[in-house]
2 protein chains.
Amino acid sequence: MTKLLNERLKKGELLNVDCPSREVLKRLTGRWSLLVLIALRDETLRFSALRRRIGGVSERMLAQTLRYMEEDGFISRIAYDVVPPHVEYHLTPLGCEAEERIALLADWLENNFSRIMEKRQASAARPVVNKPL
Amino acid sequence: MTKLLNERLKKGELLNVDCPSREVLKRLTGRWSLLVLIALRDETLRFSALRRRIGGVSERMLAQTLRYMEEDGFISRIAYDVVPPHVEYHLTPLGCEAEERIALLADWLENNFSRIMEKRQASAARPVVNKPL
DNA sequence: CTGGATCCCAGATGATACTG
DNA sequence: CAGTATCATCTGGGATCCAG
């Protein structure tokens, strides 16, 4: 009963303008955050390795993304005090849980990519829906 | 065997710079696309109803998002030829499948929101990690 | 009512150079 | 190596006006 009620309430929260979850969602589904989660799936990586792994990300963006994700508790950062610097990143339990959900979406997307592209090309074929009397 | 191999291959695709799925993912996880999917979960809505449902979205963004999502085959648009105009939107089977994955992520997020916020505030408390000799 | 067209700004992102 | 700082750019997104 209470659970059902909660689900009803929760369902609408994200649709609410001032739902605080929106901001977190934004960080979670940001262009690079998604890829960081996937890249770190059961793996610990250093900054540069992570950067090589995630094609196209700049140093700046990766650093910023990692900072945000650490702030939110999705990843853990370990800096060894040596020279040259050695820093490792890995998913926290929270990050793992998030990654599972992200992975479901990502896997589905890659498996159904062709369906989407077919649809899109079909749409492109008939750019305007002119209704000639 | 082949399946395992495929999973290996697929796992890396999104991490590849020129993976075409990235663009679709971008549309799928865009600020408003997510909310449109959730709002249309087992429901058919008109433009203005949808707009009221999704707090904070502008006409422009909603229209644009809906166009993209129809292009990709996630939603279906039915325009009745009457005046004033009457247009309805609902999820396609493809859209439903996507929505399921999105919903999993969204529900998890709302359920674990407090965990994240605690972490974030803890991080804010110690802005810089100065290591005093 | 359902958008399209335009203008404009803030924030996201990239490129490059620099530092401990 | 692992970033930060700076500057330039590009894009998302809001506001507004207009039309079928």
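A, B, ... follow the sequence lines: proteins, then strands. Residue 1 opens every chain.
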Exercise. Which of these nucleotides, D/dG14, D/dA2, C/dT2, is closest to any side-chain atom of B/E59?
Worked result: C/dT2

For this session: From the options D/dG14, D/dA2, C/dC1, select the nucleotide whose nearest atom is closest to the side chain of B/S48.
Result: C/dC1

Exercise. Reckon B/P85 touches a base, only the sugar-phosphate, or nothing at all at heavy-atom distances under 4.0 Å?
Worked result: base

Problem set entry | Side-chain N or O of A/R67 closer than 4.0 Å to phosphate OP1/OP2 of D/dT4 | yes

Exercise. Counting only side-chain N and O atoms of B/S58, is one of them less than 4.0 Å from OP1 or OP2 of D/dA15?
Worked result: no

Exercise. Is there a side-chain polar atom (N or O) of A/Y89 under 4.0 Å from OP1 or OP2 of D/dC1?
Worked result: no

Seminar exercise, completed: A/K26 has its side chain closest, among C/dA12, D/dG14, D/dG3, to C/dA12

Problem set entry | A/A63, nearest nucleotide to its side chain (from D/dC1, D/dG3, C/dT6) | D/dG3

For this session: Please state whether the rings of A/W108 and B/F74 are parallel, tilted or perpendicular, taking 30° and 60° as the class boundaries.
Result: tilted

For this session: State which of C/dG3, C/dC1, D/dT4 makes the closest approach to the side chain of B/P84.
Result: C/dC1

Seminar exercise, completed: One should read off an interatomic distance between A/E110 CD and A/I116 CD1, to the nearest 0.5 angstrom, of 11.0 Å

Exercise. What nucleic acid atoms does A/R51 come within less than 4.0 Å of, heavy atoms only: base, sugar-phosphate, or nothing?
Worked result: nothing

Exercise. Counting side-chain heavy atoms from C-beta on, which of C/dG14, D/dG13, D/dG3 comes nearest to A/V87?
Worked result: D/dG3

For this session: Using whole Å, report how far CD of A/Q64 lies from P of D/dT6.
Result: 15 Å

Seminar exercise, completed: Checking D/dC1, C/dA5, D/dA2 against the side chain of B/R60 (C-beta onward), the nearest is C/dA5

Exercise. Any idea which of D/dG3, C/dG3, D/dA2 is nearest the A/R46 side chain?
Worked result: D/dA2

